[in-house]
Structure formats: C-alpha cells, structure tokens
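In listed order, ligands and their atoms are each counted from 1.
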Amino acid sequence: MEKVNFGVTKRGEEASLYVLENKNNTTIKVTDYGATLVSLLFADKAGVQKDLVLGYDNVTGYEEHTSYFGAIIGRNGNRIKDSRFTINGKEYRIDENENHNNLHSGKNGFNTVIWEVREHTDNSITFYHYSSETEQKFPGNMEITVTYTIADDDTLHIVYNGKADADTVMNCTNHSYFNLDGEESDSVLDQIVWIDADAYTPADSGLIPTGEIRSVEGTPLDFRTPTAIGARINEAHESLQAGKGYDLNYVMKDEGAYTLCASMYSKESGIRMEVRTDAPGMQFYTSNFLEEKGGKNGREYGVRSAACFEAHYFPDATHHENFKSTIVKAGDIYHLKAGYKFSVEK
Ligand code: GLA
C-alpha cells in the first residue's frame with residue numbers, strides 16, 4: 001500500500017491518499033477525508049486503464065464541493081423529513097440543508113471528517129470514526145468502521161460496522177459516481193442498467209417518500225430488463241420529473257443476503273459493473289443536479305455524466321412504520337455490505 005499527501009484541510013489537518021491494488025493491478029485510491037473513494041482504475045477492452053469514478057485531485061476539492069463524490073455518508077444517508085425525528089419519546093433536531101429537510105446528515109456529515117486508519121493490507125483498508133453526540137446532534141456517541149477491499153476477482157467490497165452508547169439512527173452509504181467510460185466521459189445515458197427490483201418508494205416533489213411501496217411495472221423506472229439510462233429518462237413520469245431524472249429508492253428483493261441486485265454496462269469500454277448489497281434499499285441517482293467545476297485534471301462534471309447506486313435503508317425511514325427501522329439499539333451492531341464487481345467484455 002502506498003500513502004501519499006492529499007493536501008491540508010481548512011481546519012489544518014493533513015489528508016492522505018491510500019493506494020491499494022489487487023493482483024490484476026485493479027487499483028483503488030481512498031482518502032481519510034470522508035473515508036472517500038477517490039479513484040477506481042480498471043482496464044477497458046483495449047487494455048487502457050480508466051478511472052471509473054468522479055472526484056477531485058486533492059482534499060480542497062472535496063471540502064469545497066457538495067456532491068458527496070465517493071464519500072461515506074452518515075450517520076444517515078438520504079433524507080429525513082423536516083430534519084427531525086423521535087426516539088424513545090424524545091424529539092431530535094438535526095441540520096436543515098435541503099429545503100427544510102436533512103440530506104446526507106447535514107454539514108458535519110461523515111463525509112467532512114478525517115477518519116483514522118485502523119488496519120491495512122495491500123488491497124484492504126479499514127477507517128474508523130468516533131462520532132460524538134454533539135457532532136450532528138443524533139443521540140449517543142457512535143463508533144463506526146468502514147473497510148474497503150479490492151478483491152482479486154475485481155470486486156470492491158465496502159463493509160460497515162457501527163455501534164453506539166444510546167439508541168440512535170444508523171444508515172450509512174457510499175456515494176460514488178460511476179461512469180464506465182471513465183470519469184472524463186460526459187454522459188452515462190448510453191450505459192445499460194439492470195436493477196433487480198419489482199418496486200420502489202414513491203416520493204413527493206422534495207424526494208421524501210410518501211410511505212407507499214409501488215410496483216415498477218409499466219413505468220420508465222422498470223430496469224428488470226437491461227435498458228440504456230437515457231432511453232426513458234425524459235418521459236413524463238412524476239418520479240423522473242421530481243428528480244429531473246432517476247433519483248429514487250428501489251426495494252431490494254433479497255434484503256439481508258449479500259446478493260446481486262443491479263448492473264451497469266458500457267458497450268464503448270466493454271466494462272461491466274455488478275452491484276450487490278444486503279441493504280433493504282438502493283437509491284439510483286443519475287447525477288441530475290451535477291454541475292461541478294474543478295474535478296480531476298480540471299474537469300467539469302455536468303448533469304447525467306455519472307450514476308450512483310447507493311445501498312442503504314429506505315429514505316426517511318424514521319417516519320414510516322412500514323419501512324425497516326434505521327434505529328439501532330445501544331450496544332447493538334449495525335452492519336452493512338455493498339460490492340461493486342468489475343469485468344470486461346472484449
Ligand atoms: C442523493 C440524492 C440526490 C442528490 C445527491 C447528492 O443521491 O438522492 O437527490 O442530493 O445525493 O447531490
């Protein structure tokens with residue numbers, strides 16, 4: 001494993017970039033700032049290594065932009081309506097950072113702190129963070145580890161383990177933006193997606209779920225047959241209109257089992273990505289609001305130039321009895337896994 005300087009944060013902390021590789025030279029680069037996946041290098045059908053995730057060249061880029069590129073999101077990924085929730089009869093208020101709602105835990109999210117490196121090998125690294133009860137104003141002090149492993153079958157596994165000293169919300173995710181033609185490509189609209197979900201959680205115009213679980217049948221949200229992202233993205237469906245493209249939570253079939261649930265494929269590069277998770281839900285987001293200058297090598301990243309497959313519990317689960325609870329009891333273990341496996345078709 002190689003460790004290189006990744007710049008200094010505004011708070012004066014030194015950030016590092018860790019370079020990990022498997023036996024095929026598939027490489028991941030992760031920084032301790034936000035426990036963020038910065039690069040994922042994988043060879044395309046011509047044998048040229050492509051960087052398949054959007055990002056920045058140093059920590060300053062991650063601090064200055066708000067798209068959560070590659071970061072670990074927590075304590076709660078996705079939205080909490082009205083930025084408040086009740087646990088054991090007590091109401092907690094957290095940051096309002098999207099309309100009146102909380103998105104991705106607000107300004108002191110896990111994506112904004114330097115994590116400690118606990119363990120590493122040549123192809124695996126474990127980050128640790130102690131999240132105090134004052135950090136984001138969720139109840140209790142929480143300890144969390146995230147392990148990234150680039151396995152020899154070219155799967156990137158991301159494994160989360162958390163524990164707190166009070167009943168609290170735990171619902172992390174990784175927010176990587178993938179483009180299988182490389183981060184320099186302008187569009188993912190021709191890339192072909194499969195999502196093994198019969199249902200999704202419809203949401204209001206602020207992307208807060210209504211509580212309903214609805215079938216994808218007959219809608220442009222149905223990816224049970226592999227379809228290009230761009231084929232139906234502009235159709236007049238309320239979900240596509242609210243999100244300005246795909247930005248919705250799919251209901252996973254095999255919750256609790258670490259099974260295949262989605263894939264993306266590019267004919268141009270020949271690269272295929274297979275997604276697996278044991279999470280109950282997955283937000284599929286096609287970077288519909290993206291407008292970032294100053295990306296890697298000065299790149300500008302625009303709308304629909306990447307896709308996110310965010311494995312997590314359902315959005316706003318704290319307000320819906322019928323959604324699997326994101327509340328973890330004091331002393332209990334929170335555990336979640338997501339995997340992204342890369343292969344190439346020549
Ligand atoms: C998630 C949300 C999107 C957007 C991105 C971050 O995927 O669902 O609406 O906020 O995060 O830009």
N/O donor-acceptor pair under 3.5 Å between D95 side chain and N97 backbone
no
What's the verdict on ring-ring contact (aromatic ring centres under 6.0 Å, His included) for F284 and F223, showing C-alpha distance, side-chain angles and the deciding distance?
CA-CA 11 Å; F284 175 52; F223 279 98; 5.6 Å; yes
Could you label the plane-to-plane angle of the F138 and F85 rings as parallel, tilted or perpendicular, counting under 30° as parallel and over 60° as perpendicular?
parallel
Report the C-alpha distance between D153 and T155 in whole Å, list the side-chain angles of each, state the deciding distance to 0.1 Å, and finish with yes or no for side-chain hydrogen bond (donor to acceptor under 3.5 Å, both in side chains).
CA-CA 6 Å; D153 69 351; T155 305; 2.9 Å; yes
Within the 4.0 Å heavy-atom sphere of ligand 1, strictly under, residues
Y68, R79, L103, H104, H175, Y177, L207, D247, Q283, Y285, F289, E310
Under a 3.5 Å distance rule, please check whether S187 uses its side chain to pair with a backbone N or O of L189 as donor and acceptor.
yes
Hey, are R224 and E217 close enough for a salt bridge, meaning a charged N less than 4.0 Å from a carboxylate O?
yes
